[in-house]
K.L.:
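To start, I am sharing the structure in question, which I have written as structure tokens.
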Amino acid sequence: MVQGVGYRASFERQAVALGLRGWVRNRRDGSVEAEVDGDAAALERIVAWVHKGPPASRVDHVLIEEVAASADDAFRILPTF
């Protein structure tokens with residue numbers, strides 16, 4: 001659940017800094033969903049960041065699933081789903 005802490009924007013900044021591709025979006029239930037693609041070291045770093053999030057956030061649960069690589073060539077914020 002994310003409320004007013006800038007999680008998506010912070011996630012995007014982290015992903016871009018790490019050279020990752022993909023997207024992040026809020027879900028209507030208040031959770032955040034993301035798909036990221038990149039080198040293994042960068043993925044490990046974004047996963048570590050996801051567990052703590054930006055200042056003022058509280059992360060209670062993280063679910064990570066492996067999916068087919070994204071066709072995105074950049075990182076972006078998608079509309080709420």
Side-chain angles (χ1 to χ4, degrees):
M1 305 294 277
V2 176
Q3 301 293 327
V5 297
Y7 197 96
R8 289 178 307 158
S10 293
F11 191 116
E12 180 188 36
R13 281 192 298 276
Q14 293 294 319
V16 168
L18 293 168
L20 295 170
R21 298 171 302 280
W23 50 264
V24 62
R25 67 181 170 197
N26 284 345
R27 296 182 51 93
R28 286 196 171 87
D29 66 2
S31 64
V32 174
E33 177 179 35
E35 183 177 301
V36 295
D37 185 26
D39 71 54
L43 291 171
E44 286 180 24
R45 290 185 67 189
I46 197 72
V47 167
W49 182 88
V50 163
H51 281 88
K52 61 181 170 125
S57 69
R58 187 182 96 204
V59 178
D60 293 330
H61 180 74
V62 175
L63 173 65
I64 298 172
E65 297 178 2
E66 193 168 324
V67 297
S70 171
D72 290 327
D73 60 355
F75 198 89
R76 57 200 167 108
I77 297 176
L78 297 180
T80 298
F81 175 72

K.L.:
Which atom pair, heavy atoms only, marks the closest approach of Ile77 to Arg8?
P.N.:
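Looking at all heavy atoms of both residues, the shortest contact is CG2-NH1, 3.5 Å.
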
K.L.:
Check Gly38 against Leu20 and note the closest heavy-atom contact, atom names and distance.
P.N.:
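In this case the closest contact between Gly38 and Leu20 is CA-CD2, 3.7 Å.
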
K.L.:
For a quick test of reading the model, state the closest non-hydrogen atom pair linking Pro54 to Ser10 and the distance between them.
P.N.:
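The pair with the smallest heavy-atom distance is CB-OG, 3.3 Å.
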
K.L.:
Can you confirm whether more than 12 heavy atoms, excluding those of Arg45, are under 6.0 Å from its CZ atom?
P.N.:
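No.
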
K.L.:
Under the ring-ring contact (aromatic ring centres under 6.0 Å, His included) rule, collect the residues that match up with Phe11, sequence neighbours excluded.
P.N.:
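Checked Phe11 against ring-ring contact (aromatic ring centres under 6.0 Å, His included); matches are Trp49, Phe75.
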
K.L.:
Between Leu18 and Ala42, which heavy-atom pair has the shortest distance, and what is it?
P.N.:
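Residues Leu18 and Ala42, closest heavy atoms: O-CB, 3.6 Å.
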
K.L.:
Closest heavy-atom contact between His51 and Val59?
P.N.:
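Where His51 meets Val59 most closely, the heavy atoms are O-CB, 3.4 Å.
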
K.L.:
At their closest point, which heavy atom of Lys52 faces which heavy atom of Ser57, and how far apart are they?
P.N.:
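Smallest heavy-atom distance, with atoms named: O-OG, 3.0 Å.
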
K.L.:
OG1 of Thr80 to CZ of Arg25: how many Å apart, nearest 0.5 Å?
P.N.:
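Reported value, rounded in 0.5 Å steps: 9.5 Å.
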
K.L.:
Hey, does Asp37 have a side-chain heavy atom less than 4.5 Å from the side chain of Trp23?
P.N.:
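With C-beta onward as the side chain, the pair stays apart.
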
K.L.:
Say whether Leu43 and Ile64 are linked into one hydrophobic cluster, either directly or through other cluster members, by side-chain heavy-atom distances under 4.5 angstrom.
P.N.:
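Linked, Leu43 and Ile64 end up in one cluster.
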
K.L.:
Test your reading of the model: is there a side-chain donor-acceptor pair from Ser31 to the backbone of Arg27, 3.5 Å cut-off?
P.N.:
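Judged by distance alone, no pair lies under 3.5 Å.
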
K.L.:
Hey, what do you get for CD (Glu44) to CG (Asp39), rounding to the nearest 0.5 Å?
P.N.:
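These two atoms lie 9.5 Å from each other.
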
